[in-house]
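Quick note on labels: first sequence line is chain A, next is B, and so on, each numbered from 1.
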There are 2 protein chains.
Amino acid sequence: MADELLSPTDALAQLSFAVLGMLERRAAQHDLSMAQVRLLGVLRDRTPTMNELARLMALDKSSVTGLVERAERRGLVLRVPSVTDRRSVLVRLTDVGSEMVAQAARHFDADMAGLLSLLPVRDRGVLTGLVSRLLVAYANQHGVNLFATATEAAPGIPASPR
Amino acid sequence: MADELLSPTDALAQLSFAVLGMLERRAAQHDLSMAQVRLLGVLRDRTPTMNELARLMALDKSSVTGLVERAERRGLVLRVPSVTDRRSVLVRLTDVGSEMVAQAARHFDADMAGLLSLLPVRDRGVLTGLVSRLLVAYANQHGVNLFATATEAAPGIPASPR
DNA sequence: TATTGTTATACTCTATAACTATA
DNA sequence: TATAGTTATAGAGTATAACAATA
């Protein structure tokens with residue numbers, strides 16, 4: 001019974017690298033960067049202005065201009081002029097973009113199920129339950145609301161300063 | 001008892017974003033990018049050649065040239081000509097780089113402890129124990145050995161294709 | 001005047017391809 | 001010939017600062 005266990009820090013860090021590595025590989029299969037995945041994820045259930053998008057993704061608005069521009073060039077999103085404020089532009093998924101993010105989400109979901117299947121059945125719910133409670137407590141502490149979907153997350157990630 | 005729980009996928013994904021977000025913020029405090037943190041982490045207990053470094057970080061050797069060049073310019077690493085093969089160059093941490101990665105690791109360790117402290121004491125060990133076992137199983141399945149230290153990890157991350 | 005979005009510019013990070021020096 | 005490393009080049013992603021259009 002070689003009970004070699006990792007330190008709490010290593011356990012959490014390495015799990016996180018493994019999980020996001022899987023997400024990144026799924027994204028790469030669709031020729032998407034993590035930044036593009038985040039963009040599409042945020043747009044899954046919103047049609048924000050460029051400004052709101054920048055806030056949601058915790059990026060500068062000039063960064064979002066480029067991100068949306070590249071996604072638009074690929075036919076994944078559309079810019080729609082706002083009718084209520086002629087300065088504003090709404091961004092929304094195209095059907096193609098919508099299908100791509102849905103498909104990537106299904107694949108990633110299978111990845112996570114496969115990962116959890118490495119644990120005995122009785123432990124899987126325990127793990128995800130504890131993680132859920134941890135995240136709820138974290139969200140409460142930070143006045144942040146949890147995101148409905150996985151690929152949408154990442155507002156937690158400050159998008160690499162310098 | 002509002003037992004709102006996340007789906008397994010969301011729980012794992014959001015935990016991962018939160019954890020790596022914390023690591024990224026700590027790195028930013030030292031004016032380090034995640035790529036630089038990975039570099040310093042790998043060099044914590046090695047003095048590889050440029051070629052070995054590229055393999056360890058799963059990057060092209062030309063990418064490593066730039067990464068090391070910027071780190072060297074900041075005094076964090078040193079290039080040392082190999083004495084056994086005049087084509088090769090060894091890369092090692094300077095004292096400054098060594099101290100920086102140690103300090104960042106201590107801070108990140110505190111972050112993880114703080115995160116876990118949101119759970120009842122009795123649950124903390126359960127969570128990290130389950131994660132450890134999950135990672136051990138994952139590593140066995142992939143013929144990968146686990147990394148000794150958190151900041152070293154990331155070979156799992158394919159370093160953004162495209 | 002203030003806000004929205006874009007543009008100009010600069011830097012990091014990554015890759016591919018071509019090159020030099022050494023083996 | 002083969003390998004180690006660098007350079008040239010290109011593109012994504014990020015930021016700051018300055019700008020035009022609109023509010």
Side-chain angles (χ1 to χ4, degrees), chain A residues 21 24-25 27-28 30-42 47-74 76-91 154-155 157-162, chain B residues 21 24-25 27-28 30-42 47-74 76-91 154-155 157-162:
Chain A
E24 192 160 8
R25 278 188 284 277
H30 297 274
D31 205 40
L32 293 173
S33 66
M34 285 297 283
Q36 292 289 324
V37 167
R38 284 188 62 204
L39 171 64
L40 301 188
V42 168
T47 303
T49 65
M50 293 294 286
N51 218 22
E52 289 163 348
L53 196 48
R55 183 179 43 74
L56 286 166
M57 300 186 70
L59 293 176
D60 189 84
K61 53 185 179 165
S62 66
S63 303
V64 175
T65 294
L67 212 49
V68 168
E69 198 275 331
R70 290 184 289 273
E72 192 174 31
R73 207 189 302 153
R74 289 180 55 180
L76 303 178
V77 307
L78 269 181
R79 275 180 172 99
V80 185
S82 166
V83 291
T84 59
D85 185 337
R86 300 220 312 268
R87 294 172 303 179
S88 291
V89 178
L90 303 176
V91 185
I157 282 197
S160 193
R162 59 153 319 118
Chain B
E24 194 160 8
R25 278 187 284 278
H30 297 273
D31 206 39
L32 293 173
S33 66
M34 285 297 282
Q36 292 288 325
V37 167
R38 282 189 63 205
L39 171 63
L40 301 188
V42 168
T47 304
T49 65
M50 294 292 287
N51 217 24
E52 290 163 349
L53 194 49
R55 184 178 44 75
L56 286 165
M57 299 186 71
L59 293 176
D60 189 85
K61 52 185 181 166
S62 67
S63 302
V64 175
T65 294
L67 213 50
V68 168
E69 198 276 331
R70 290 184 289 275
E72 192 173 31
R73 208 190 302 151
R74 289 180 55 180
L76 302 177
V77 308
L78 270 181
R79 276 181 172 100
V80 184
S82 166
V83 290
T84 59
D85 185 337
R86 300 221 311 270
R87 294 171 303 181
S88 292
V89 178
L90 303 176
V91 186
I157 283 197
S160 195
R162 66 150 307 117

Spacing between A/R70 atom CZ and C/dT7 atom C1', to the nearest angstrom: 14 Å

Rounding to a whole Å, what distance do you find between A/L53:CG and C/dT6:C1'? 15 Å

Without decimals, in angstroms, what is the distance between B/R74 CZ and C/dC11 P? 15 Å

Taking distance alone, no hydrogens or angles, what donor-acceptor pairs closer than 3.5 Å link side-chain atoms of residues 51-59 of chain A to residues at least two apart or in another chain?
residue	atom	partner	partner atom	Å
A/E52	OE1	A/T49	N	2.9

Mind checking salt bridge (Lys or Arg N to Asp or Glu O under 4.0 Å) for B/R86 and listing every partner two or more places apart, or none if nothing turns up? none

Trace of the side chain to side chain contact (heavy atoms under 4.5 Å, CB included) decision for B/V37 with B/H30: CA-CA 10 Å; B/V37 167; B/H30 297 273; over 6 Å; no

Pick base, sugar-phosphate or nothing for B/E69, based on heavy-atom distances below 4.0 Å to the nucleic acid. nothing

Name all residues meeting the salt bridge (Lys or Arg N to Asp or Glu O under 4.0 Å) criterion together with B/D85; count only those two or more places apart in sequence or in a different chain, and write none if there are none. B/R87

Look up atom CZ in B/R38 and atom CG in B/L67, then write down how far apart they are to the nearest 0.5 Å. 8.5 Å

What's A/S82 touching, base or sugar-phosphate or nothing? Going by heavy atoms closer than 4.0 Å. nothing

Within the structure provided, determine whether A/V64 and A/L39 are in side-chain contact (heavy-atom separation under 4.5 Å). no

Looking at A/R79, does any N or O in its side chain come under 4.0 Å of the phosphate oxygens OP1/OP2 on C/dT6? yes

Out of C/dT14, D/dG13, D/dA4, which has the shortest distance to the side chain of B/L67? C/dT14

Those residues that, when tested against B/T47, pass side-chain hydrogen bond (donor to acceptor under 3.5 Å, both in side chains) (two or more places apart): none

Classify B/N51 by what it touches in the nucleic acid, base, sugar-phosphate, or nothing, heavy-atom distance under 4.0 Å. sugar-phosphate

From CE of B/M34 over to C1' of C/dT14, roughly how many Å is that when rounded to an integer? 16 Å

Starting at the 5' end of nucleotides 18-23 of chain D, put B wherever the base has a protein heavy atom under 4.0 Å, S where only the sugar-phosphate does, and a dash everywhere else. ---BBS

Taking atom C1' of C/dT7 as reference, at what distance in whole Å does atom CE of A/M50 sit? 12 Å

Is there a donor and acceptor pair closer than 3.5 Å between the side chain of B/S62 and the base of C/dT16? yes

Results of side-chain contact (heavy atoms from CB on, under 4.5 Å) for B/R79 - residues two or more places apart only: B/M50, B/T65, B/V68, B/E69, B/E72, B/V89

Protein-nucleotide distance (B/L90, atom CG; D/dA4, atom P), rounded to Å: 13 Å

Specify the separation, in whole Å, of atom CG of B/L59 and atom P of C/dT12. 16 Å

With nearest nucleotide decided by heavy atoms, which residue, B/V89 or A/Q36, maps closer to the 5′ end of DNA chain D? B/V89

By nearest-heavy-atom nucleotide on DNA chain C, the more 5' of B/D60 and A/T49 is A/T49

Measure the distance from CE on A/M57 to C1' on D/dA12 and round it to the nearest whole Å. 13 Å

Categorize B/S63 for me: base, sugar-phosphate, or nothing, with a 4.0 angstrom heavy-atom threshold over every strand shown. base

Using a cut-off of 4.0 Å on non-hydrogen atoms, how would the nucleic acid contact of A/T65 be classed: base, sugar-phosphate, or nothing? base

